[in-house]
Novice: 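I have a structure here, written as structure tokens, and I will follow up with some questions on it.
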Amino acid sequence: MSLTFALAAIATPVISCPSGSVESECSRADVAGKISLAPERIAKIADTCLYDFGGRCGVEASGRIEVPERGGTLLWQKLSLAPCDGPGALMVVVVARDAAGKAWLAGFAESSGSIGTPDLVASDSERSLVHVTGTLAGSGAGNADALFAGADDKPAWRQVDLESWYDEASAMLPKGYWLRGPADFIFAEMFAVVPIARDGDGNCCPRGGQALFDFSIVGDRLVVDSMRFQPMQPVGEAVEQVAVRAK
């Protein structure tokens with residue numbers, strides 16, 4: 001398997017376009033533009049879809065996370081989406097709201113497989129992090145996780161890019177080894193454990209070992225600070241590999 005294919009398998013595509021048809025294509029901005037922040041809709045977040053989806057939409061769960069360090073609240077709902085002409089998907093919508101009731105869309109996460117609910121994994125005077133776990137459907141499925149960050153005393157949150165770090169991580173691996181998702185993110189400690197495959201491995205069974213990656217958030221991106229990897233060799237002794245991002 002090529003590296004390009006492996007990375008595509010663990011990317012997070014837009015699954016449910018506003019049209020409600022699997023034949024259509026759209027961007028994340030198109031989806032975000034169809035998520036309503038109208039006060040009357042948010043007031044009914046427990047049973048009314050915020051996403052104006054062209055297929056069937058149902059609310060599976062909803063909740064709120066109080067974040068006093070950011071001066072506001074996060075509201076969320078988990079949706080079950082059924083297009084008119086294809087398989088369904090799950091979506092989690094996260095909305096930030098300040099003490100006066102003004103709302104901002106923090107972002108959304110989708111999955112063709114499984115998806116969790118938002119979890120406040122870290123919060124202090126400088127930054128708060130909310131993590132949504134998720135995996136895509138299929139053999140050797142990859143990640144559909146989402147990470148939301150709030151900083152300082154600002155009530156508006158942002159969604160962190162969890163895709164672009166794969167290129168940085170891949171470049172740190174020895175030749176003949178590649179990332180094979182899903183990654184197990186531990187954002188409370190800003191690291192992840194990722195299965196590693198070696199040339200010749202199939203989708204189901206990575207045999208290269210595991211790599212541990214340490215992260216930072218720079219702007220709106222997750223970036224790799226360092227990697228620790230001890231390859232599993234078919235013969236001979238394993239040799240630990242260590243790489244650190246250039247400052």
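Just so it is clear, the structure is predicted and the values come from calculations on it, not from any experiment.
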Novice: Where the side chain of Asp119 meets the backbone of Val121, is there a donor-acceptor pair that is under 3.5 Å apart?
Specialist: no

Novice: For a quick test of reading the model, state the closest non-hydrogen atom pair linking Ile115 to Lys78 and the distance between them.
Specialist: O-NZ, 2.8 Å

Novice: Which atom pair, heavy atoms only, marks the closest approach of Glu110 to Ser16?
Specialist: OE2-N, 2.8 Å

Novice: With no hydrogens and no angle check, is any side-chain donor or acceptor of Ser19 less than 3.5 Å from a backbone partner on Ser21?
Specialist: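 Indeed, once roles are kept as given, a pair shorter than 3.5 Å links the two residues.
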
Novice: So how far is it from Glu23 CD to Cys84 SG, rounded to the nearest 0.5 Å?
Specialist: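 Interatomic distance, Glu23 CD to Cys84 SG, rounded to 0.5 Å: 9.0 Å.
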
Novice: Ile35 and Leu81: same hydrophobic cluster, using ILVMFWY side-chain contacts below 4.5 Å?
Specialist: yes

Novice: Please check if the side chain of Arg97 supplies one atom and the backbone of Thr73 the other of a donor-acceptor pair under 3.5 Å.
Specialist: no

Novice: Asp30 and Ser27: side-chain donor and acceptor closer than 3.5 Å?
Specialist: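 A pair is found: one side chain offers a donor N or O, the other an acceptor, under 3.5 Å apart.
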
Novice: For residues 40-80, which residue pairs qualify under disulfide bond (SG atoms under 2.5 Å apart), counting only residues two or more places apart or in two chains?
Specialist: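 Residue pairs with at least one partner in residues 40-80: Cys49-Cys57.
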
Novice: For Val22 and Asp85, run side chain to side chain contact (heavy atoms under 4.5 Å, CB included): C-alpha distance rounded to whole Å, both residues' side-chain angles, the deciding distance at 0.1 Å, then the answer.
Specialist: CA-CA 6 Å; Val22 297; Asp85 55 357; 3.3 Å; yes

Novice: For the residue pair Pro206 and Ile196, what are the closest heavy atoms and their distance?
Specialist: CB-O, 3.6 Å

Novice: Can you tell me how far OG of Ser80 sits from CZ of Arg56, rounded to the nearest 0.5 angstrom?
Specialist: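 Those atoms lie 8.5 Å apart.
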
Novice: Just so I know, are the side chains of Phe213 and Leu179 near enough to count as touching, which here means a heavy-atom distance under 4.5 Å?
Specialist: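 Side-chain contact under 4.5 Å: yes.
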
Novice: Which heavy-atom pair separates Phe108 from Met91 by the least distance, and what is that distance?
Specialist: CD1-CE, 4.1 Å

Novice: If only atom types and distance count, is the side chain of Arg41 paired as donor or acceptor with the main-chain N or O of Thr48 below 3.5 Å?
Specialist: no

Novice: Look at the aromatic rings of Phe185 and Trp165 and report parallel, tilted or perpendicular, splitting at 30° and 60°.
Specialist: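 The rings of Phe185 and Trp165 stand perpendicular, inter-plane angle above 60°.
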
Novice: With heavy-atom distances below 4.5 Å as the criterion, would you say the side chains of Pro18 and Cys26 are in contact?
Specialist: yes

Novice: The test is side chain to side chain contact (heavy atoms under 4.5 Å, CB included); show your working for Val94 and Trp157 and say whether it passes.
Specialist: CA-CA 9 Å; Val94 180; Trp157 288 54; over 6 Å; no

Novice: Quick one: sort the Phe215 and Phe187 rings into parallel, tilted or perpendicular, breaks at 30° and 60°.
Specialist: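 Rings of Phe215 and Phe187: tilted, 30 to 60°.
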
Novice: Taking all non-hydrogen atoms of both residues, which atom of Arg158 and which atom of Ala151 are closest, and how far apart?
Specialist: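 Where Arg158 meets Ala151 most closely, the heavy atoms are NH1-CB, 4.4 Å.
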
Novice: Less than 4.0 angstrom from a charged side-chain N to a carboxylate O is my criterion; do Lys175 and Asp199 meet it?
Specialist: no

Novice: About how many Å separate CG of Leu136 and CD1 of Ile15, when rounded to the nearest 0.5 Å?
Specialist: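 With rounding to 0.5 Å, CD1 (Ile15) is 6.0 Å from CG (Leu136).
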
Novice: Verify, without hydrogens or angle tests, whether Ser111 (side chain) and Thr135 (backbone) share a donor-acceptor contact under 3.5 angstrom.
Specialist: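 It does hold such a pair.
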
Novice: Quick one: does Ile65's side chain get under 4.5 Å of Pro118's, heavy atoms only?
Specialist: yes

Novice: Side-chain donor-acceptor pair under 3.5 Å between Ser128 and Glu69, yes or no?
Specialist: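 Distance-only check fails for Ser128 and Glu69.
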
Novice: Check Leu37 against Leu105 and note the closest heavy-atom contact, atom names and distance.
Specialist: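 Of all heavy-atom pairs spanning Leu37 and Leu105, the closest is CD1-N, 3.5 Å.
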
Novice: Is there a path of hydrophobic side-chain contacts, each under 4.5 Å between heavy atoms of I/L/V/M/F/W/Y residues, joining Ile217 to Val223?
Specialist: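 No, it is not one cluster - the side chains of Val223 and Ile217 are not joined through contacts under 4.5 Å.
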
Novice: If you count heavy atoms of other groups shown closer than 6.0 angstrom to CD of Glu66, is the number above 12?
Specialist: yes

Novice: Please determine whether side chain to side chain contact (heavy atoms under 4.5 Å, CB included) holds for the pair Asp225 and Met190, giving the CA-CA distance in whole Å, both sets of side-chain angles, and the decisive distance to 0.1 Å.
Specialist: CA-CA 10 Å; Asp225 288 329; Met190 293 303 292; over 6 Å; no

Novice: Side chains of Phe53 and Pro83: closer than 4.5 Å at any heavy-atom pair?
Specialist: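 Touching, per the 4.5 Å side-chain cut-off.
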
Novice: I need the Thr117 OG1 to Glu60 CD distance, nearest 0.5 Å.
Specialist: 11.0 Å

Novice: Are Leu129 and Trp76 connected in the hydrophobic side-chain network, where two residues link if heavy atoms are under 4.5 Å apart?
Specialist: no

Novice: Counting C-beta onward and ignoring hydrogens, is there a side-chain heavy-atom pair between Asp161 and Asp220 closer than 4.5 Å?
Specialist: no

Novice: Supply the atom-to-atom distance Asp214 CG to Glu189 CD, rounded to the nearest 0.5 angstrom.
Specialist: 10.0 Å

Novice: Just do the side chain to side chain contact (heavy atoms under 4.5 Å, CB included) check on Val194 and Asp184 with the steps written out, would you?
Specialist: CA-CA 6 Å; Val194 187; Asp184 183 10; over 6 Å; no

Novice: Taking it one step at a time, do Phe229 and Tyr177 satisfy ring pair (Phe, Tyr, Trp, His ring centres under 6.0 Å)?
Specialist: CA-CA 11 Å; Phe229 172 47; Tyr177 292 87; 5.4 Å; yes

Novice: Got a donor-acceptor contact below 3.5 angstrom from the Arg180 side chain to the Gly142 backbone?
Specialist: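 Not confirmed, Arg180 side chain does not pair with Gly142 backbone.
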
Novice: Backbone N or O of Ile45 within a donor-acceptor pair of the Gln77 side chain at under 3.5 Å?
Specialist: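 Flag set: sc Gln77 to bb Ile45 pair under 3.5 Å.
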
Novice: Under 4.5 Å between side-chain heavy atoms, counting indirect links through other Ile/Leu/Val/Met/Phe/Trp/Tyr residues: same cluster for Phe148 and Val160 or not?
Specialist: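 Phe148 and Val160: separate clusters.
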
Novice: Could you tell me whether Glu40 atom CD has more than 12 heavy atoms of other residues or ligands within 6.0 Å of it?
Specialist: yes

Novice: What about Leu75 and Val93, same hydrophobic cluster or not, with Ile/Leu/Val/Met/Phe/Trp/Tyr joined at side-chain heavy-atom distances under 4.5 Å?
Specialist: yes

Novice: Report yes if the side chains of Thr133 and Asp145 come closer than 4.5 Å at any heavy-atom pair, otherwise no.
Specialist: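 Yes, at least one pair of side-chain atoms sits under 4.5 Å.
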
